Every structure is written in structure tokens, then in C-alpha cells.
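Here is the structure we will look at, set down as C-alpha cells.
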Amino acid sequence: MTLDQAAILQATNLTFHYPGQELFSNWSAAIPAGVTLVRGGDGRGKSSLLRLLAGDLAAQGGQLEIKGVRLDEQPEAYRRQVFWVDPRSEAFDQMTAREYFASLHGAYPGFDDTQLPALAEGLSLTLHLDKKLYMLSTGSKRKVWLAAAFAAGAAINLLDDAFAGLDKASINFVVKMLNQLAGDPGRAWVIALYEAPEGVGLAAVVDLGD
């Protein structure tokens, strides 16, 4: 990763290990605007890295900064600039998709409701908006998280295995949205995948190896 681009998120000397598994030691990167791919094989730390960048997992060393706001100094202000939801989360299962979207206004002041109808249509979610999330398939739940990310207006958007469980039409829609949003100089999209997604223009790649 080059450090000369205007970074939206700067990671400096990030260190994180699980017991018996060394993942990151003094890892630094500058995440630019646009789409950054975090690629790697199973167990290489893709999901862990996204959780670290989100402030959802505590690093053992180093610091994270988004547009001058440091996680260690202003954790709430930092997290307000990050959209992240663990795709396996069951925390919102008792909400409908519509209630989940409404719940995000407090966390994301820039959340844009006017985008939701087009996002729901593009992701084939319209018929599911009033169902509780526990009733949805894995793929449909992921569509809810994706729609929320696209509407949230956050500076940093972290998507873990964004295409898993999606039908072809929805994959094409997500690719179109990512390419469209990549032009915003104030927002970064970090997607964790085993390989580069077809058709998505990348600003940077973080390769964690196989």
C-alpha cells in the first residue's frame, strides 16, 4: 500500500494476535478513497482485520485514525465514521429490515432514507422489508447489511465477504454500486474476499497471503 495517497483511514503499527496465532505485527497501511480489497486464504485474518479497523476488536498495539480522529482518543467519534456489521450477527434478529434501517439514524447522521427504495429494489429486498431478520435467508440478511452500508454515508465501510449467498442479479447490483460510490473522495470501501471481485475497480489491495 502506498502512503502518499490522501488516506481516509491510517493504520500505524497495528499488532494483534490470538493465543497461539500471530496475525498482525506492527502492520501499517493507508486506506484511500474508493474500494480496497483485503484478500487472503482461510485463517489469514481477513475478518479479524475488518473488526480491528471497525474498533470491534481491540488491538494489542498500534493506532487507527480516520480523518484525524484516533480510536484510542475518541472511540465514539471514530466508530461513528465506520459502517460495520458482522454478517453472521444475530443482534438485530428481532427487528424487521425497516426497523433496522430506522435504528441507524442515531449512529449515522448522514443516513439517507431516500436511497432505500432503490436499494431494496436493486437487491430484491422490497418484499422482505417488514419481515423480522431471523426469518430471512443468509443471503437476504447480507442484502440488508449491504443496503444499510450504501445508505449510511459513513467514511469507512467494511464489508466481509460481501457477495456470499447473493444471486447473480444482486451481485451485479453490488458491483455497480461499489463502482459508483468509489468516485466519492470522502468515502472508503474495504471488502474482504478470497480473490478480487470481477468488475470492481480497486484503489488498493491488502494481500494477507494464502
Side-chain angles (χ1 to χ4, degrees), residues 33-39 42 46-47 50-51 53-56 79-184 186-203:
V35 180
T36 293
L37 169 68
V38 173
R39 76 151 302 277
D42 286 345
K46 298 187 298 297
S47 298
L50 262 54
R51 291 183 62 205
L53 298 180
D56 187 38
R79 290 189 181 99
R80 269 199 302 274
Q81 299 187 81
V82 179
F83 182 88
W84 160 253
V85 60
D86 186 325
R88 292 161 291 276
S89 175
E90 296 178 355
F92 310 102
D93 272 7
Q94 294 306 315
M95 291 182 177
T96 64
R98 212 182 290 278
E99 288 166 346
Y100 171 68
F101 295 140
S103 77
L104 296 174
H105 287 98
Y108 304 106
F111 194 95
D112 185 0
D113 281 312
T114 64
Q115 291 189 43
L116 290 175
L119 291 169
E121 185 178 337
L123 290 164
S124 304
L125 268 179
T126 309
L127 295 175
H128 302 302
L129 291 176
D130 294 306
K131 295 177 184 173
K132 291 193 184 291
L133 295 186
Y134 76 84
M135 299 168 69
L136 301 184
S137 68
T138 302
S140 292
K141 277 179 82 170
R142 283 177 181 268
K143 292 177 182 183
V144 172
W145 314 142
L146 286 164
F150 292 144
I156 295 286
N157 302 272
L158 307 169
L159 306 178
D160 194 1
D161 209 358
F163 300 101
L166 299 194
D167 53 276
K168 185 71 173 140
S170 296
I171 289 172
N172 291 340
F173 180 78
V174 172
V175 167
K176 186 182 85 171
M177 287 299 300
L178 287 172
N179 285 329
Q180 193 176 308
L181 292 162
D184 186 335
R187 297 175 80 186
W189 299 80
V190 183
I191 55 177
L193 287 166
Y194 175 63
E195 57 189 0
E198 201 174 319
V200 177
L202 298 176

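Just so it is clear, the structure is predicted and the values come from calculations on it, not from any experiment. Heavy atoms only: backbone and side chains are in, while hydrogens, waters and symmetry mates are out.
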Item to complete: Any chance you could lay out the side-chain contact (heavy atoms from CB on, under 4.5 Å) test for D161 and L193, step after step, and finish with the verdict?
Response: CA-CA 5 Å; D161 209 358; L193 287 166; 3.4 Å; yes
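For the residue pair V82 and L53, the shortest heavy atom distance occurs at CG2-O, 4.4 Å. Shortest non-hydrogen contact noted between Q94 and K132 is O-NZ, 2.9 Å. A162 approaches L146 most closely through the heavy-atom pair O-CD1, 3.6 Å. Closest approach of G139 to L166, counting heavy atoms only: O-CD2, 3.7 Å. F111 and A148 get closest at one heavy-atom pair: CE1-O, 3.8 Å.
Here the two rings, on W145 and Y100, have centers that are under 6.0 Å apart.
Electrostatic pairing of D56 and R79 does not count as a salt bridge here, judged by no charged N lying under 4.0 Å from a carboxylate O.
Of the residues L158, L50, V35, the one that meets the side-chain contact (heavy atoms from CB on, under 4.5 Å) test with I191 is V35.
For the ring pair (Phe, Tyr, Trp, His ring centres under 6.0 Å) condition, the pairs that include at least one residue of residues 146-182, sequence neighbours left out, are F150-W189.
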Return a table of donor-acceptor pairs under 3.5 angstrom between the side chains of residues 175-182 and protein atoms on other chains or two or more places apart.
from: N179; atom 1: OD1; to: G201; atom 2: N; distance (Å): 3.0
from: N179; atom 1: ND2; to: V175; atom 2: O; distance (Å): 3.3
from: N179; atom 1: ND2; to: G199; atom 2: O; distance (Å): 2.8

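Looking at residues two or more places apart in sequence or on another chain, you find a side-chain contact (heavy atoms from CB on, under 4.5 Å) between R80 and E76, A77.
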